[in-house]
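In what follows, every heavy atom counts, from backbone to side chain, and hydrogens, waters and symmetry copies are set aside.
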Number of protein chains: 2
Amino acid sequence: EDIVVSEVQLDPDQARVTIRNLPDVPGVAAHVFTAVAEGQIMVDMIVQDVGQGGLANLSFTVPRSDLDQCLLLLREVTEPWAGAELSFEKQIAKLSVMGIGLRSHTGVGEKMFRALADAGVNVQLINTSEIRMSAIVAPSDGQRAYDSLIRMFRA
Amino acid sequence: EDIVVSEVQLDPDQARVTIRNLPDVPGVAAHVFTAVAEGQIMVDMIVQDVGQGGLANLSFTVPRSDLDQCLLLLREVTEPWAGAELSFEKQIAKLSVMGIGLRSHTGVGEKMFRALADAGVNVQLINTSEIRMSAIVAPSDGQRAYDSLIRMFRA
Ligand SMILES: C[C@@H](O)[C@H](N)C(=O)O
Ligand SMILES: C[C@@H](O)[C@H](N)C(=O)O
């Protein structure tokens with residue numbers, strides 16, 4: 001059985017914000033998160049993949065109750081960046097598989113994504129570390145994804 | 001002083017792989033990570049931001065010594081996906097700020113990114129959780145980024 005995975009979590013209370021076409025230069029992430037911190041907004045998961053052509057995209061999650069305030073701050077901070085596009089998803093479901101040594105146990109990621117796939121759940125965002133692997137899915141998929149992960153990891 | 005941040009780490013021994021234009025449908029992430037797991041390859045940081053137009057990008061890091069094997073497996077698994085593009089960076093520097101409650105302390109992300117910005121370091125990828133915030137930067141920026149983070153967090 002899977003003793004490396006200690007817990008499976010479903011967090012249905014966050015929202016996701018995405019900023020596309022940020023200038024991919026030093027200081028931009030700092031500007032964004034300084035603005036968000038000024039709003040006392042808790043940022044949970046930040047995801048940025050590599051940029052292309054001098055532009056980068058950035059997504060992060062916040063408590064749903066902070067979304068409006070967050071968007072207000074972001075509109076202001078992204079205003080000087082002409083091409084930047086702000087978008088958001090008010091309802092998301094965040095699934096997390098937690099444990100220790102999740103990367104040295106090469107099977108955990110595979111199992112997590114297979115469990116989600118078997119449940120027909122599309123993975124929208126991924127963010128992982130050695131102790132927590134998280135996937136964002138549509139809110140309507142949250143429960144089914146959670147059940148599938150529980151079965152997979154017998155957590 | 002910052003008691004919430006317990007440690008700053010520089011990991012100069014990983015490589016980054018990116019797959020662009022993956023079909024954004026259930027089962028794709030599972031396929032990718034099953035293939036990688038079959039190669040016994042340790043995946044550290046996985047980052048996937050939201051897709052667009054039915055396509056998604058996915059990046060992850062592996063030990064540099066596993067890069068060639070990883071690319072071999074990925075070429076095979078992505079072959080059926082016509083538009084998928086594989087790219088990689090053999091040398092990266094991964095900076096991590098570690099502690100507890102990193103998201104509830106709204107200042108930590110802001111400080112981390114400001115420290116990197118002040119050092120003139122461009123952030124290529126971001127992956128965060130409550131206990132670890134990681135940024136991938138160019139290998140030539142690794143030491144300077146590390147020094148700047150140490151100063152910021154007096155860790
Ligand atoms: C996009 C953003 O992360 C930028 N590369 C920065 O370093 O701030
Ligand atoms: C791109 C990949 O994550 C896909 N959305 C999946 O669910 O497998």
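For the pair Q48(B) (side chain) and N127(A) (backbone), a donor-acceptor distance under 3.5 Å is absent.
In this structure, the side chains of V47(B) and I126(A) stay at 4.5 Å or more apart for every pair of heavy atoms. Contact of the P26(A) side chain with the V121(B) side chain is not registered, since no non-hydrogen atoms from C-beta on lie closer than 4.5 Å.
Inspection of non-hydrogen atoms places V50(B), G51(B), Q52(B), N57(B), L58(B), S59(B) of residues 50-59 of chain B under 4.5 Å from chain A.
Annotation for D44(A) and T128(B): closest pair O-OG1, 3.3 Å, computed over non-hydrogen atoms. Looking at every heavy atom in both residues, A117(B) comes nearest to A30(A) through CB-CB, 4.1 Å.
Under a hydrophobic-cluster definition in which Ile, Leu, Val, Met, Phe, Trp and Tyr are linked whenever side-chain heavy atoms come within less than 4.5 Å, directly or via other members, L72(A) and L74(A) are assigned to different clusters. Hydrophobic clustering of Ile, Leu, Val, Met, Phe, Trp and Tyr side chains at less than 4.5 Å, counting indirect connections, unites V62(A) with L71(A). Linking Ile, Leu, Val, Met, Phe, Trp and Tyr whenever their side-chain heavy atoms come within less than 4.5 Å leaves I136(B) and V43(B) in two separate clusters. Following chains of ILVMFWY side-chain contacts shorter than 4.5 Å, one cannot reach L67(B) starting from L125(B), and the two form parts of different hydrophobic clusters. V97(B) is not connected to I131(A) by any chain of hydrophobic side-chain contacts under 4.5 Å among Ile, Leu, Val, Met, Phe, Trp and Tyr, and they are in different clusters.
Screening residues 53-72 of chain B for ring pair (Phe, Tyr, Trp, His ring centres under 6.0 Å) gives F33(B)-F60(B) as the qualifying pairs, with residues at least two apart or on separate chains.
Between chain B and the options R20(A), Q124(A), E38(A), R16(A), the largest number of non-hydrogen pairs under 4.5 Å is found for R20(A). If you tally non-hydrogen atom pairs under 4.5 Å between each of D24(A), V123(A), D118(A), V25(A) and chain B, the highest count goes to D24(A).
From S96(B), atom OG reaches atom CD of E130(A) across 10.0 Å, with rounding to the nearest 0.5 Å. For the atom pair H31(A) NE2 and E110(B) CD, the distance stands at 11.0 Å (nearest 0.5 Å).
Under the side chain to side chain contact (heavy atoms under 4.5 Å, CB included) test applied with F113(A), the options V28(B), T34(B), I46(B) reduce to a single match, I46(B).
M133(A) touches chain B through its side chain: at least one heavy atom from C-beta onward sits under 4.5 Å away, while N, CA, C and O do not.
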